[in-house]
Amino acid sequence: MKIALIGANGQLGSDLVKALRPVHDLIPLTHADVEITERASLESMLQLHQPDLVMSMAAFHKVDACEEQIGLAFAVNTYGVRNLALACRVHGAVLLHISSDYVFGGDRTRATPYVETDSPAPINVYGISKLAGEYFIRYCLDRYYILRATGLYGVAGSSGKGGNFVELMLRLAKEGKPIRVVDDQRMTPTYTMDLARQIAALIETERYGLYHATNQGSCTWYEFAAEIFRQSGLAPNLSKAKTGDLGEKATRPAYSVLENKALQNIGLDQMRPWQNALAAFLQERQQVREQKEN
Ligand SMILES: NC(=O)c1ccc[n+]([C@@H]2O[C@H](COP(=O)([O-])OP(=O)(O)OC[C@H]3O[C@@H](n4cnc5c(N)ncnc54)[C@H](OP(=O)(O)O)[C@@H]3O)[C@@H](O)[C@H]2O)c1
């Protein structure tokens, strides 16, 4: 397959390059190569490369910043995604897009993972803009894959957020500062290499539609931090915080655990438990650091 990958140097994008390059004719594109908020930019990219499949990692996903920069959130996450869908329709390309667990509102009493057929009800600007982007794809295209992910981390670090939660925790531990992490938001941390491999398997099927795709199990952000330190052999001064204690601007769901039901239904859910994925990530991270030192 000829695949145009938008956001190829981002966190998930760089792992997709590793997973797809050996098998497909991959065209990795950076933000400098294509701007999804501009129809003309997408049009010329599609005209030039004529891909069978367009994968887009592009998003404005700083959740707190979205509360204040609503115009930008909608320009990228909604209208930009509409541009992608329309361009794919004109050129007959399939679109693969990454959405978010934040399309759900997850009240405090919920304890059952969300499946794809559950009604979304976002409670922050980021979630609303991502959900509207999903709806535009479903409205414009028949052949699409939308994958909802949660709490991504990978060796590249998120370019949009300047790192990821694991890197932040390890840095704070190194600095020896007290660390406070919320213990009332439950989700599933997900390793981008696992998601990239899952995507590589899914695109072989032509089973288009909406998918939840996260590692298995769930934890609070505090529990995630504790496991990062346990697996890294660190014992920093870690304590629990409550939502709102840390001055966040956006409301976040208390529960946004997703079940990979649609992947299970087609016998394709290959995501492992989040603790095992974290161990694999820490190992990969160590190898990358050793390679840089040599
Ligand atoms: N990070 C998470 O925890 C998380 C959780 C759930 C879902 N997601 C979704 O997963 C996807 C990938 O996340 P990620 O962490 O891999 O993000 P990332 O590292 O920030 O990568 C995003 C990539 O898209 C590019 N990009 C941003 N805006 C663009 C635009 N307007 N036009 C073209 N390219 C643009 C970025 O380039 P520049 O950096 O050069 O701008 C970057 O290469 C996003 O859709 C995000 O909403 C992320």
Side-chain angles (χ1 to χ4, degrees), residues 1-31 33-34 36 45 49 51-59 61 84 88 93-101 143-161 163-164 166-167 188-216 258 260 262-264 266-289 291-292:
M1 241 184 299
K2 192 169 188 183
I3 301 174
L5 174 59
I6 297 174
N9 57 342
Q11 183 164 236
L12 177 57
S14 51
D15 280 339
L16 277 167
V17 171
K18 290 180 218 158
L20 300 172
R21 192 168 248 162
V23 191
H24 296 285
D25 177 5
L26 186 71
I27 305 146
L29 301 164
T30 67
H31 203 165
D33 299 317
V34 64
I36 69 159
M45 182 277 284
H49 297 296
D52 306 302
L53 170 63
V54 175
M55 288 189 180
S56 176
M57 306 298 115
H61 56 79
L84 275 163
C88 285
V94 176
L95 176 62
L96 183 140
H97 169 72
I98 310 296
S99 188
S100 166
D101 54 329
R143 296 189 308 149
Y144 62 81
Y145 304 98
I146 298 171
L147 288 95
R148 291 183 182 145
T150 68
L152 294 181
Y153 62 91
V155 284
S158 172
S159 55
K161 289 179 178 165
N164 59 44
V166 187
E167 294 298 340
T188 306
T190 297
Y191 179 27
T192 47
M193 196 63 232
D194 285 4
L195 181 53
R197 291 192 186 112
Q198 180 69 72
I199 289 171
L202 180 62
I203 60 171
E204 299 297 332
T205 65
E206 300 187 3
R207 302 288 292 260
Y208 304 115
L210 172 65
Y211 292 91
H212 290 176
T214 74
N215 282 124
Q216 309 291 344
L258 308 182
N260 303 342
L263 285 171
Q264 289 159 18
I266 59 170
L268 211 71
D269 182 11
Q270 58 184 50
M271 301 298 276
R272 59 185 147 181
W274 69 266
Q275 296 93 333
N276 300 2
L278 175 63
F281 165 77
L282 291 171
Q283 201 176 8
E284 188 193 357
R285 181 179 179 271
Q286 184 60 29
Q287 282 163 0
V288 170
R289 289 162 83 89
Q291 278 162 10
K292 276 187 189 155

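For reference, positions follow the sequence shown, starting with 1. Only a predicted model underlies this, so the values are computations on that prediction, with no experimental measurement involved.
Applying the side-chain hydrogen bond (donor to acceptor under 3.5 Å, both in side chains) test to residues at least two apart or on different chains, the pairs with a partner in residues 194-205 are H24-E204, D194-N215, D194-R272. For residues 4-20, the salt bridge (Lys or Arg N to Asp or Glu O under 4.0 Å) pairs, not counting sequence neighbours, are D15-K18, K18-E284.
Partners of Y144 under the ring pair (Phe, Tyr, Trp, His ring centres under 6.0 Å) rule, at least two apart in sequence or in another chain, do not exist in this structure. Under the side-chain hydrogen bond (donor to acceptor under 3.5 Å, both in side chains) criterion, N164 pairs with Q11, sequence neighbours left out. In terms of the side-chain contact (heavy atoms from CB on, under 4.5 Å) criterion, residue partners of A156 (sequence neighbours excluded) are, by chain and number, S14. Residues satisfying the side-chain hydrogen bond (donor to acceptor under 3.5 Å, both in side chains) criterion with S99, sequence neighbours excluded, are E134. Under the rule for a side-chain hydrogen bond (donor to acceptor under 3.5 Å, both in side chains), D52 has no partner lying at least two apart in sequence or in another chain. For H97, there are no ring pair (Phe, Tyr, Trp, His ring centres under 6.0 Å) partners at least two apart in sequence or on another chain. Evaluation of the ring pair (Phe, Tyr, Trp, His ring centres under 6.0 Å) rule for Y145 yields Y208 as partners, not counting sequence neighbours. The side-chain contact (heavy atoms from CB on, under 4.5 Å) check on Q275 picks up E227, Q231, P273, with sequence neighbours excluded.
No donor-acceptor pair under 3.5 Å is formed between the side chain of T30 and the backbone N or O of N9.
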Exercise for the section: Check the pair L16 / M57 against side chain to side chain contact (heavy atoms under 4.5 Å, CB included), numbers first and verdict last. Expected result: CA-CA 10 Å; L16 277 167; M57 306 298 115; 3.5 Å; yes
Problem - Stepwise side chain to side chain contact (heavy atoms under 4.5 Å, CB included) check, I27 with D33 - result: CA-CA 11 Å; I27 305 146; D33 299 317; over 6 Å; no
